[in-house]
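Per chain, numbering begins at 1; letters A, B, ... match sequence-line order. In this text, all values refer to a predicted model and were calculated from it rather than measured experimentally.
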2 protein chains.
Amino acid sequence: MVSAMRNASPPTGRTGRPRSAAADAAILAATRDALVELGWSKLTMGDVSTRAGVAKTTLYRRWAGKNELVVDAVAELFDSLELPDRGSLEADIEDVVLQFAALLRRPEARTALMAVVAESTRDEALRDRIRSAIVDRQKRLVVLGRERAQARGELPYEEDEELACRTTDLIFDVIAGTVVHRALVSSEPVDELWVATFTALLMHGLQGPAPA
Amino acid sequence: MVSAMRNASPPTGRTGRPRSAAADAAILAATRDALVELGWSKLTMGDVSTRAGVAKTTLYRRWAGKNELVVDAVAELFDSLELPDRGSLEADIEDVVLQFAALLRRPEARTALMAVVAESTRDEALRDRIRSAIVDRQKRLVVLGRERAQARGELPYEEDEELACRTTDLIFDVIAGTVVHRALVSSEPVDELWVATFTALLMHGLQGPAPA
DNA sequence: GGAGTTACGCTACGGCTCGTAGCGTAAGAG
DNA sequence: CTCTTACGCTACGAGCCGTAGCGTAACTCC
């Protein structure tokens, strides 16, 4: 869960009436519902508060605005991504790509992810929030998959710490970026045939020698 | 230029006062300026009309709304992408990736591209507009690069028409998607070192045998 | 040169959303 | 029981939206 990265301010004081956790859940769920029905541009704070059965002021007490609210609402969706050990690097990649594609088929995820990234181009704080709430969460899967592949002997161990880190970042961007682009920009289906083709290309790329 | 895909309706009749081409240019330029200064969410039609020195009603006579206007305003930026023949497939790829990265460093391109894609997830017409105005324009470069590589003997000629088309689409999504993801989601620099590493990975991937 | 047609600028408008302020009440901590 | 904080509700000025209506400007065809 995401409760570690709180939205605004339970200042650290512990006296007084505590914030309603139920309200938090209701708001985030209502936000996702509203995203499905209205999309990003037509989603309003007032509408969300009505759906959640909370006062509009309560929303503003916890989130600075639409951007922050939606990031948190969507971040939870990425918790569902997992990396079951399917025995080979190729199978692991195909599995996680298909999971990611399924996630991007959900309208609230499609809409919100792109919209929030768009806003983050002008908002440093939002960028950080996306990194910790979404990017890092996905990147863990890449790290895990890589370790497994190394344990299996499919990929070489990398001495240089910093180079290994760059490689991980590269693979992550290739996988996530390609799938997102295919699904949302090109608007083409991410089906099993495509995934197999893409994975094959990626596998050959990874077999190649380490670059300078 | 983009004049082929007109915005709204010069119905086909030829009598009466013609639309001001200067106004068109001024509006699109003003839109880009406003995107740089305000970003997507704070950009308003009224503000654009003021900057362009036209009446707000003129904007609505030509574009249905913010989405359509911004697509056209940004599409022009993609005209600058070219594919000079640098002698090898690897060099060609590196060149176009660096160009694309430079384009994505422009704030109006960063912001608008993602925002428009986000809106397009709920708008079929907008999706088509993006495909014809932006996607197809980039994909031509991939087709051209592939043909050159085949002429050089770097890539095999593909008998199957349909498979060749799928491969082209895949390469396009890998290149564009990865670069966009690196630049906008991961928020890491697309520098020459990274481009070289990425290109090396892609080259090895392309050397592999054609998939089933 | 006049008639017909279309684009433009300007003004004004109802409707909606925003984000905040103020108040009285509810819910835990000590 | 008191203190502190969260909550619900109402009301508000401000800003933007998208459209309608009008008079004027530009261009074509007769």
Exercise. Could you give the NZ-to-C1' distance, from B:Lys56 to C:dA7, as a whole number of Å?
Worked result: 18 Å
Exercise. Hey, which of these two, A:Ala23 or B:Gly46, hits DNA chain D nearer its 5' end, going by closest nucleotide?
Worked result: A:Ala23
Exercise. When the distance from CG of B:Asp47 to P of D:dC16 is rounded to whole Å, what number comes out?
Worked result: 8 Å
Seminar exercise, completed: Of the listed C:dG9, D:dT19, C:dG19, the closest approach to the A:Met45 side chain comes from C:dG19
Exercise. Please give, in whole Å, the distance from D:dC16 C1' to A:Lys42 NZ?
Worked result: 15 Å
Exercise. Atom CG of A:Leu43 to atom P of C:dC16: distance rounded to whole Å?
Worked result: 17 Å
Exercise. Taking B:Glu37 as the fixed residue, which of B:Arg32, B:Lys42, B:Arg51 is the one that meets the salt bridge (Lys or Arg N to Asp or Glu O under 4.0 Å) rule?
Worked result: B:Arg51
Exercise. So what is the end-to-end bend of the helix from C:dG1-D:dC30 to C:dG30-D:dC1, with 5 pairs used at each end and the value given to 10 degrees?
Worked result: 30°
Exercise. Would you call the rings of B:Phe100 and B:Phe78 parallel, tilted or perpendicular, where under 30° means parallel and over 60° means perpendicular?
Worked result: tilted
For this session: Consider the side chain of B:Ala55, meaning its heavy atoms from C-beta on, and name the nucleotide among C:dG9, C:dT20, D:dC17 that approaches it most closely.
Result: C:dG9
Seminar exercise, completed: Quick note, B:Tyr60 side chain, CB onward, closest among D:dG21, D:dC16, D:dG18 is D:dG18
For this session: Please confirm whether the backbone N or O of B:Val190 pairs with a side-chain atom of B:Arg182, one donor and one acceptor, at under 3.5 Å?
Result: no
Exercise. What are the two closest heavy atoms between B:Leu103 and B:Ala109, and how far apart are they?
Worked result: O-CB, 3.4 Å
Problem set entry | Whether B:Arg122 side chain and A:Val36 backbone form a donor-acceptor pair below 3.5 Å | yes
Problem set entry | Whole-Å gap separating C1' (C:dG22) and CZ (A:Arg61) | 11 Å
For this session: Indicate the atoms forming the closest heavy-atom contact of A:Ser41 with B:Glu119, along with that distance.
Result: OG-OE1, 3.0 Å
Problem set entry | Whole-Å gap separating P (C:dA7) and CH2 (B:Trp63) | 14 Å
For this session: Could you pull out the closest heavy-atom pair between A:Leu89 and A:Gly145, with the gap in Å?
Result: CD1-O, 4.3 Å
Nucleotide N/O to protein N/O under 3.5 Å, stretch nucleotides 26-30 of chain D:
residue : atom : partner : partner atom : Å
D:dA26  : O4'  : B:Arg17 : NE           : 3.4

For this session: Check whether any side-chain nitrogen or oxygen of A:Thr57 sits under 4.0 Å from OP1 or OP2 of D:dC9, and answer yes or no.
Result: no
For this session: Take B:Glu188 and A:Arg166 through the test salt bridge (Lys or Arg N to Asp or Glu O under 4.0 Å) and record every step on the way to the result.
Result: CA-CA 11 Å; B:Glu188 302 280 354; A:Arg166 285 200 291 114; over 6 Å; no
For this session: Would you kindly give the CG-to-C1' distance between A:Leu59 and C:dC18, to the nearest whole Å?
Result: 13 Å
Exercise. Atom CZ of A:Arg19 and atom P of D:dT4: how far apart are they, to the nearest Å?
Worked result: 18 Å
Problem set entry | Shortest non-hydrogen contact between B:Arg86 and B:Asp92, atoms and distance | N-OD1, 2.9 Å
